[in-house]
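Structure first, then comments.
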Amino acid sequence: MMSMNSKQPHFAMHPTLPEHKYPSLHSSSEAIRRACLPTPPLQSNIFASLDETLLGLPAHMGCMSDVDADPRDLEAFAERFKQRRIKLGVTQADVGSALANLKIPGVGSLSQSTICRFESLTLSHNNMIALKPILQAWLEEAEGAQREKMNKPELFNGGEKKRKRTSIAAPEKRSLEAYFAVQPRPSSEKIAAIAEKLDLKKNVVRVWFCNQRQKQKSVGGCAINY
DNA sequence: ATGCATGAGTA
DNA sequence: ACTCATGCATA
């Protein structure tokens, strides 16, 4: 049910449009920089064209940045990356927004969260592989031109409702973990039952399980993914 | 740094 | 309904 997805995924295809939901500090800077992307795209993937090129080739290639998939290399790169990033005096958030200025087709900005997760290896193996060349490109670019300007957060506006984060209490969380230990993928009915027992919304429980599964798959976690 | 959530793509 | 990449909000 979830196998053949070992190809380079689609990481920069999220429009990121809270539109109706949480319309706060978005439209301005993000909309502009996204509008500037040469490839607006639906299925954009900087590796897409590459894949096509490789379709007729043997089981290997050897161009472009490394397509290595060794967790050790990723770990080493992540470490070096963080080190150099700090050396440059740049924050994770800065890196995220700076990626857009790189003008790589199909690559927009990323959040502080994602950069942080990349550095701490808390992303899936595939995600790490996909992001590595992009962050590497940024790093080289930034080091090459160690003297530019910073875009500052145009945090303005006031008045739109913000998303509120649900917080699952410790006791409930412990129960969920216990359930997860025996059954990581409970059926819809099971989820409903658990939700009722813990007095949580069914959707909250469902998402919790999804996130737990995703966590298990991170390179940083205790994964055996590859 | 991390918890809960969204949304596109998929099976 | 799930996976996967990603992000807002928050600790």
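Residue numbering restarts at 1 for every chain, and letters A, B, ... go by the order of the sequence lines.
In this structure, A/Gln212 reaches neither bases nor backbone, as no heavy-atom distance under 4.0 Å exists between it and the strands shown.
For B/dA5, neither phosphate oxygen OP1 nor OP2 lies less than 4.0 angstrom from any side-chain nitrogen or oxygen of A/Lys164. A/Ser167 has no side-chain polar atom (N or O) that falls below the 4.0 Å cut-off from OP1 or OP2 of B/dG3. In this model, the phosphate group of C/dC4 is not approached by any side-chain N or O of A/Asn126 to a distance below 4.0 Å at OP1 or OP2.
Taking 4.0 Å as the cut-off between side-chain N and carboxylate O, A/Arg72 and A/Glu75 count as a salt-bridged pair.
Of the listed nucleotides (C/dC2, C/dG7, B/dA5), C/dG7 has the atom at the smallest distance from the side chain of A/Thr114. Side-chain atoms of A/Ser113 lie closest to B/dT2 of the nucleotides B/dT2, C/dA5, B/dG3. Residue A/Arg163 places its side chain closer to C/dG7 than to any other of B/dA1, C/dT10, C/dG7.
Distance A/Asn127 CG to C/dT6 C1': 8 Å, rounded to the nearest Å. Residue A/Arg213 contributes atom CZ, which lies 15 Å from atom C1' of B/dA5 at whole-angstrom precision. Atom CZ of A/Arg117 is separated from atom C1' of C/dC4 by 13 Å (rounded to the nearest Å).
Checked against the 6.0 Å centroid criterion, the rings of A/Phe81 and A/Trp138 qualify as a close aromatic pair.
Side-chain contact of A/Lys201 with A/Thr166: a donor-acceptor pair under 3.5 Å is absent, judged by distance alone.
The closest donor-acceptor contact from the side chain of A/Ser120 to the backbone of A/Cys116 lies under 3.5 Å. At distances below 3.5 Å, at least one donor-acceptor pair connects side-chain atoms of A/Ser175 with backbone N or O atoms of A/Pro171. When atom types are taken as modelled, the side chain of A/Thr122 and the backbone of A/Phe118 share no donor-acceptor pair closer than 3.5 angstrom. For A/Asp94 (side chain) and A/Thr91 (main-chain N/O), a donor-acceptor pair under 3.5 Å exists by modelled atom type.
Taking for each of A/Ser187 and A/Gln214 the nucleotide of DNA chain C with the nearest heavy atom, the 5'-most of the two is the partner of A/Ser187.
DNA chain B is contacted by A/Lys82 of residues 76-87 of chain A, taking any non-hydrogen atom closer than 4.0 Å. For the segment residues 198-211 of chain A, residues with any heavy atom less than 4.0 angstrom from an atom of DNA chain C are, sorted by number, A/Arg206, A/Cys210.
When the salt bridge (Lys or Arg N to Asp or Glu O under 4.0 Å) test is applied to A/Arg85, the partners found at least two apart in sequence or on another chain are A/Glu119.
Between A/Phe180 and A/Phe209, the two ring planes are tilted [angle within 30° to 60°].
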